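The model shown is predicted, which means the values in this text are computed figures rather than measured ones. Here is how names work: the chains are called A, B, and so on, in the same order as the sequence lines, proteins then strands, and each is numbered from 1.
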Amino acid sequence: MMQKIEALVHHAFESLKSSDLIDHTITPHIVVERTRDNSHGDFTTNVAMMLAKQAKTNPRTLAEHIIAALPQDASVIKVEIAGPGFINFFVDRNAQYDIIKRILNEGAQFGLSKLGAGKKVQVEFVSANPTGPLHVGHGRGAAYGSVVADLLAAVGFDVHREYYVNDAGRQMDILATSIWLRYLEVCGEILPFPSNGYRGDYVRDIAATIHQSASNDYRRPAELVLENTPLDEPDGGDKEVYIDALINRTKTLLGKVLYRDFFQIGLNTILDDIRDDLQEFGVDYQQWFSERHLMEDGSVDTALNRLRSGGHLYEKDGAIWFASGVLGDEKDRVVVRENGQCTYFASDIAYHMNKLDRGFDRIINIWGADHHGYIPRVRAAMTALGADESKLKVLLVQFATLYRGDEKVQMSTRSGDFVTLRQLRNEVGKDAARFFYVMRRSEQHMDFDLDLATSKSNENPVFYVQYAYARVCSVLRQLDEKGWARNLLLGMDHLHSLTEEHETNLIGILARYPEVLQRAALHYEPHQLIQYLRELATAFHTYYNAHQFLVDDAQIRDARLNLICAVKQVLSNGLGLINITAPESM
RNA sequence: GCGCUUGUAGCUCAACCGGAUAGAGCACCAGCCUUCUAAGCUGGGGGUCGCAGGUUCGAGUCCUGCCAAGCGCGCCA
C-alpha cells in the first residue's frame, strides 16, 4: 500500500512536469510514511513542504497541484492537505482487510523480504577470549548479534555468522600456566598462585579433570617451577614480569610437545563449554575462526607483506610499525614487537584481509563498547590493503549492569568473581534473558534487573507478549470445547464486519509488521521488533477484554477468529526471530 | 588533556532520512473477574527533551560551545 501511494505521488509529479507546472530539473525524493495519528488518515507525505522552495511556491499551493494531478485509485478514498502542507491519504477499509488474508496465506513467511538481494554479509560476534566461561557481559553481545544476523537473513541477506577464536597470544599462555599450577596443586605440590593468573574455579576444575586422566604425567617439583623467578607483585615485584617468567618456566619444564598438549586441553575444554553455552542460548555459528590458524598458515605474513609493499610499514625502536596515523587513526601502531612477536593487531589485520578475500559485501563486527578506540586502526588497515573500508560496520554493545532489586551485582573477571551467562540462563531462563538483552538499543547502557526477569507477573514484559500468544491458543481450545469449528473461508468472506475500533487498530498494527522488520534489520535494531511485539500484544489484550470472540453469529465469529489467528501468526514470527518460545498455554 | 558514546516523566527506556499534540512500561491514585486464562483491561496525575546559541516552513533529532556520566588513549587482547 505504501509503495502504491508512493507511485501515485510519483505519477503526479511527472504529469506536473509535463504540463510545465513544475521545473523539469526537480527530482523529488518522495517519502510516504504511516501517520502517527488516525485523524491524519493512513499515510502521509511531506514532499510539498520539501520542494516548495525549489518550485518557487508555498507548500500548500504545491500540495494542491499535486493532489489535482494524482491518478485515480480505487483504494484511496480521500486525500487532503493538512497542517503546514502535509498530504494525507485515507485508504479504503476493505483494502486493509487483505492483510489478514496475506498473513494467513503466507504463514511463517509473512514479513520476510528480499531486500538484501542475497548480498553476502558476515556477522562476527561474541569472540570472547577462550580463557574462561562466558559472563553476562558477553550475553548481551550474543543475544544482540544473533538477532541482528537473523533479522538480516529475514530481509534477504546471505548471512554468515562467525566467532573469532583468540587461541594465540599471551592471555592463552597465562591460562595454560594457571591451569598447570592448579594441576600441580592437585598433584600435591605446594606453591603460591600468581596474582596475575586466572583464579576462577573453572581453572581448578580443568586441572582436576586433567589429573584424573593424565595422573602425574605433567608433574614437576615446585622448587624447579619457582627457580630463578622474580618477585610477584604482593612481594614488591611486577605481576606482569612475574607471570611471564612463570610462563617461560612452564614451557621449559614441560617441553614444547607437552606444553602444547596441555595448552590444547585447556583451550578445548573452555571452547567446548562456550560452544554448549551459546547453543543452549540459541546462538549458532557457521564458523569458528581460529587466530592461531591464521598465524600458522602464513596469512599474517602475507598481510604484513601487502602493507609493506604499499609503503605502510616502517621500523622504529626495533619494532615494525603500521602507519595508521595518516589514515585516520590517532597514531601509528606496532605490528611486530621488538622481540619478533606479532601483536594482536597484526593478526586482526590478517583476519580482516581474510574476510575481504572471502568476498563479503558487508562485514559486521559486534564489539563491546570498550573497544571503540580500536575501530579507526582497523579501518586504516582495510584502506591500506586497498579495500573499501565502508564495507565494515562496527556495532558497539554497552555493558549491562546486573541488579537484584535495587542492589547492584558486583563483578570482576580477573578474580573469577562474576556471574556467568550459564548462571543467568539458569536463573531467568533463555527467553527472558534474550528478551531483556535486546529490549534496549545496543549502544544504550542497560540495567538488567534479575528479579524482574524472573517475576511471573504483569511487570514482566516477556510474559506479556507470550501471554498474548497463549491466549489466542486458549480461545481456539475453547472453540473446540464448545463444539464449534473454525470456518476459514466464511471468516474471510466476512472480514468487512470487523468494524470495531479495536479491530481496525489491530489490523493496522498487523500491516506494519513487514516494515518494522525491515527497519529493525537495516538499522541493526532488534529493539524495534520488541517494541512492536509489545504494541501488538497490548492491542490484542485490549481487544480481548473489550469483545467476545466466540459469539453465536458464525460470520462474525469466524471473521474474528481469522483476525486473532493473524495476530497469533505475527507474534509467532516475531518471537521466532528473537528466538524466544511462543507457548501454547501458560 | 584528546577521542568515542550517552543525557527525554520519580525509575527503566521509545520516538521510523528533521514533521503535526514527545510515547510506553514500572511506581502512584481510582475502578473492572456469575462472560473465551486478572501473567489481563479501563481511567487519572506526572516533561525547562542536560544548558545556551545557530541552521529552517518546522529541531528531542542537524551544527557550534559549555555541563555531567561511562568508556578508550600499551611493543595487552
- request: Within residues 34-44 of chain A, find the residues that approach RNA chain B with a heavy atom at under 4.0 Å, and present them sorted by residue number.
  value: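 A:R36, A:H40, A:T44 - these, ordered by number, are the residues of the stretch whose heavy atoms sit under 4.0 Å from the strand.
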Given [N], is OP1 or OP2 found less than 4.0 Å from the side-chain N or O atoms of [X]?
{"X": "A:R337", "N": "B:C76", "result": "yes"}
{"X": "A:Y532", "N": "B:A24", "result": "no"}
{"X": "A:R441", "N": "B:U6", "result": "yes"}
{"X": "A:K331", "N": "B:C2", "result": "no"}
{"X": "A:H523", "N": "B:C17", "result": "yes"}
{"X": "A:K482", "N": "B:C36", "result": "no"}
{"X": "A:Q444", "N": "B:G70", "result": "no"}

message: With the six-membered base ring of B:G19 as reference, does the ring of A:F86 sit under 5.5 Å away with planes under 30° apart?
response: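 It does not: the two rings, one from A:F86 and one from B:G19, miss the stacking criterion.
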message: Side chains of A:L402 and A:V136, heavy atoms from C-beta outward: is any pair under 4.5 Å?
response: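 In short, these two side chains touch, coming nearer than 4.5 Å.
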Quick one: label [X] by what it contacts on the DNA or RNA (base, sugar-phosphate, nothing), any heavy atom closer than 4.0 Å.
{"X": "A:A82", "result": "base"}
{"X": "A:Q528", "result": "sugar-phosphate"}
{"X": "A:V31", "result": "base"}
{"X": "A:P84", "result": "base"}
{"X": "A:D173", "result": "nothing"}
{"X": "A:T131", "result": "nothing"}
{"X": "A:M50", "result": "base"}
{"X": "A:H547", "result": "base"}
{"X": "A:Y544", "result": "base"}
{"X": "A:F345", "result": "nothing"}
{"X": "A:R471", "result": "sugar-phosphate"}
{"X": "A:N58", "result": "nothing"}
{"X": "A:M446", "result": "sugar-phosphate"}
{"X": "A:Q531", "result": "sugar-phosphate"}

Nearest to the side chain of [X], which nucleotide is it out of [options]?
{"X": "A:R440", "options": "B:C76, B:G74, B:U12", "answer": "B:U12"}
{"X": "A:E330", "options": "B:G19, B:G72, B:U56", "answer": "B:G72"}
{"X": "A:D370", "options": "B:G72, B:C16, B:A77", "answer": "B:G72"}
{"X": "A:Q478", "options": "B:G25, B:C36, B:C57", "answer": "B:C36"}
{"X": "A:N545", "options": "B:C41, B:U56, B:C73", "answer": "B:C41"}
{"X": "A:Y464", "options": "B:C41, B:A14, B:C76", "answer": "B:C41"}

Using modelled atom types and a 3.5 Å cut-off, is there a donor and acceptor pairing between side-chain atoms of [X] and backbone atoms of [Y]?
{"X": "A:E291", "Y": "A:S347", "value": "no"}
{"X": "A:T61", "Y": "A:T57", "value": "no"}
{"X": "A:R292", "Y": "A:A168", "value": "no"}

- prompt: Taking the six-membered ring of A:F43 as reference, does the NZ or CZ atom of A:R34 fall below 6.0 Å from its centre and within a 45° cone about the axis?
  reply: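 No cation-pi geometry.
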field: In B:C49, glycosidic geometry as syn within 90° of 0 or anti otherwise
entry: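 Anti, since the glycosidic angle lies more than 90° from 0.
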Nearest-0.5 Å distance that lies between atom CZ in A:F86 and atom CD in A:E33: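 Output value for this atom pair is 8.5 Å.
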task: Could you summarise the pairing of RNA chain B as dot-bracket text, marking Watson-Crick and G-U pairs under 3.5 Å with ( ) or [ ] inside the strand and | across strands?
output: (((((((..((((.....[...)))).(((((.......))))).....(((((..]....))))))))))))....
- request: Look at the side chain of A:H372 against the base of B:G3 and say whether a donor-acceptor pair falls under 3.5 Å; ignore hydrogens and angles.
  value: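 A donor-acceptor contact between them is present.
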message: Between the base of B:G19 and the side chain of A:N46, is one N or O donor paired with an acceptor at under 3.5 angstrom?
response: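 Side chain to base: pair present.
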N/O donor to acceptor pairs below 3.5 angstrom from side-chain atoms of residues 336-345 of chain A, sequence neighbours left out:
{"unit_1": "A:R337", "atom_1": "NH2", "unit_2": "A:C342", "atom_2": "O", "d": "3.2"}
{"unit_1": "A:N339", "atom_1": "OD1", "unit_2": "A:Q341", "atom_2": "N", "d": "2.8"}
{"unit_1": "A:T343", "atom_1": "OG1", "unit_2": "A:V334", "atom_2": "O", "d": "3.1"}
{"unit_1": "A:T343", "atom_1": "OG1", "unit_2": "A:V335", "atom_2": "O", "d": "3.4"}
{"unit_1": "A:T343", "atom_1": "OG1", "unit_2": "A:F345", "atom_2": "N", "d": "3.4"}
{"unit_1": "A:T343", "atom_1": "OG1", "unit_2": "A:A346", "atom_2": "N", "d": "3.3"}

- prompt: Rounded to the Å, how far apart are A:Q548 CD and B:C33 P?
  reply: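 After rounding, the reported distance stands at 15 Å.
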- prompt: With rounding to whole Å, what would you report as the distance between B:U35 and B:A22 at their P atoms?
  reply: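 It comes out at 41 Å once rounded to the nearest Å.
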query: Between A:F549 and A:Y543, does the ring centroid distance fall short of 6.0 Å?
result: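 Close enough - the centres of the two rings lie under 6.0 Å apart.
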